[in-house]
Amino acid sequence: MDLSKADTQMDVDPQFSLQLVSSLPGHEERAWQVAWNPAKPLLASCSADKTVRLYSYQRSAEDQEKSPSFSHISTISTAHTKTVRSIAWAPSGKTLATGSFDSNVGIYEKKQEFDDENDLDESEEWECVAVLEGHETECKSVAYSATGTLLASCSRDKTVWIWEVQPDADFECMGVLMEHSQDVKCVAWHPTEEILASASYDDTIKLYIDDPSEDWYCVSTLTGHESTIWSLAWSPDGNYLASASDDLSIRIWKRVDQYDWKSVHQIKGHERSIYSISWNVGKGTSPKSMGWLASTGGDGKINVWEISSMKETLSSKLIASVSSAHDVSDVNSVQWCPRPGFEDLLATAGDDGSVKVWRVMPASSS
């Protein structure tokens, strides 16, 4: 299939705009990633300053249509000795994993305190309950599986590690996958199945599954990008995988068989490297809507695309865009809020050390 015919045009649909909800400065160095807690109104960010900052948010009780307000509630001074590059929440929302350039993965949980009546109280203080060692160099990405029973990490050492999450902050290594020939930039779990995807500086995507009789192994390699792949995002229904690259394109791969994926669509809308993508259900009204895909990167732009299914192929329409999202800085991360009722909220992290929260609004209300 000639992918050039599936390229999108850059017309912005005037129905929507991206509205800045909150600007949250605080990190002393570049902010690398944001992660929304899936269970509670919490947003986390990590930075080269070795900290994780936590923000709470709430909507006005009187006006549910109003955008929520955000406030900084806690800063975790992590045990890491270098940049915290990546963060991920467990599905329960009770545990936070951090991946660092010091090669380690940290596991954080809220401190539990007993008051005089011995009632268990959760403070806003978080403590490191485990440090996972194994990578030889910088850890670039961490991710929990949908059930929360598995944690994946990847590194510049070209490996992907899979850990089994056990009670009492215990982790057992289930596999060390050495399929990539270069730095591994990103790991992402399928939304419902135990399929792991990884993306690399070697321009490929690898998909892994667990063989019940053996170990984790690579079941598929996706090729097509012409440069480093920075970020991966599964579609909400799990039938598609999106990838973002230094080649200035986003590719969408369709599942055509159990472990067979093919490139069916290509999106171009950035002038520099695309560092991060996120795919959520969105608030699209079309019955053909496959959700909203957000992208950002070195050009400082945030794009929001509505993805729709068209018989055998997909279409993408740019429905909202903002330039200079973090002034002149690169934007390193974009993430949709996964909580019901907040599907139109996304957060970004930039080289300026700030976190920003945006809302996709009907153009008439902006």
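Bear in mind that the values here come from a model prediction, so they are computed numbers and not experimental data.
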Distance only, no hydrogens: is a donor on one side chain within 3.5 Å (strictly under) of an acceptor on the other, for [X] and [Y]?
X	Y	result
Thr75	His72	yes
Trp358	Thr348	yes
Arg53	Ser45	no

Grab the two heavy atoms, one from [X] and one from [Y], that are nearest each other, plus how far apart they are.
X	Y	value
His265	Leu314	ND1-O, 3.4 Å
Trp253	His225	CZ2-CD2, 4.4 Å
His190	Ala146	O-CB, 4.1 Å

Okay, side chain of [X], backbone of [Y]: is any donor-acceptor separation there less than 3.5 Å?
X	Y	answer
Thr296	Val334	no
Trp161	Ala152	no
Asn303	Gly269	yes
Asp330	Gly297	no

- Query: How are the rings of Trp126 and Trp89 set relative to one another: parallel (under 30°), tilted (30 to 60°) or perpendicular (over 60°)?
  - Reply: perpendicular
- Query: Under 30°, 30 to 60°, or over 60°: which ring-plane class applies to Tyr57 and Phe70, parallel, tilted or perpendicular?
  - Reply: parallel
Can you confirm whether more than 12 heavy atoms, excluding those of [X], are under 6.0 Å from its [atom1] atom?
X	atom1	answer
Glu65	CD	no
Gln182	CD	yes
Tyr201	OH	no
Lys262	NZ	no

- Ring-ring centroid check Trp230 Tyr275, cutoff 6.0 Å: yes
- Are Trp292 and Phe16 near enough that their ring centres are under 6.0 Å apart? yes
Is there a chain of hydrophobic side chains (I, L, V, M, F, W, Y, each step under 4.5 Å between heavy atoms) that links [X] to [Y]?
X	Y	result
Val34	Leu345	yes
Tyr217	Val184	no
Met361	Val357	no

- Applying salt bridge (charged side-chain N to carboxylate O under 4.0 Å, His left out), name anything that partners Glu193, two or more places apart in sequence or on another chain. Arg255
- Item | Selection residues 71-88 - residue pairs positive for salt bridge (charged side-chain N to carboxylate O under 4.0 Å, His left out), sequence neighbours left out | none
- Task: May I ask you to establish whether Arg156 and Phe101 are in a cation-pi arrangement, using a distance under 6.0 Å from NZ or CZ to the six-membered ring centre and at most 45° from the ring axis?
- Result: no
- Name of the residue among Leu232, Val187, Ile87 meeting side-chain contact (heavy atoms from CB on, under 4.5 Å) with Ser141: Val187
- Item | Residue pair Val256 / Trp261, side-chain heavy-atom distance below 4.5 Å | no
- Query: Would you call Lys140 and Asp183 a salt bridge, using N to O less than 4.0 angstrom?
  - Reply: yes
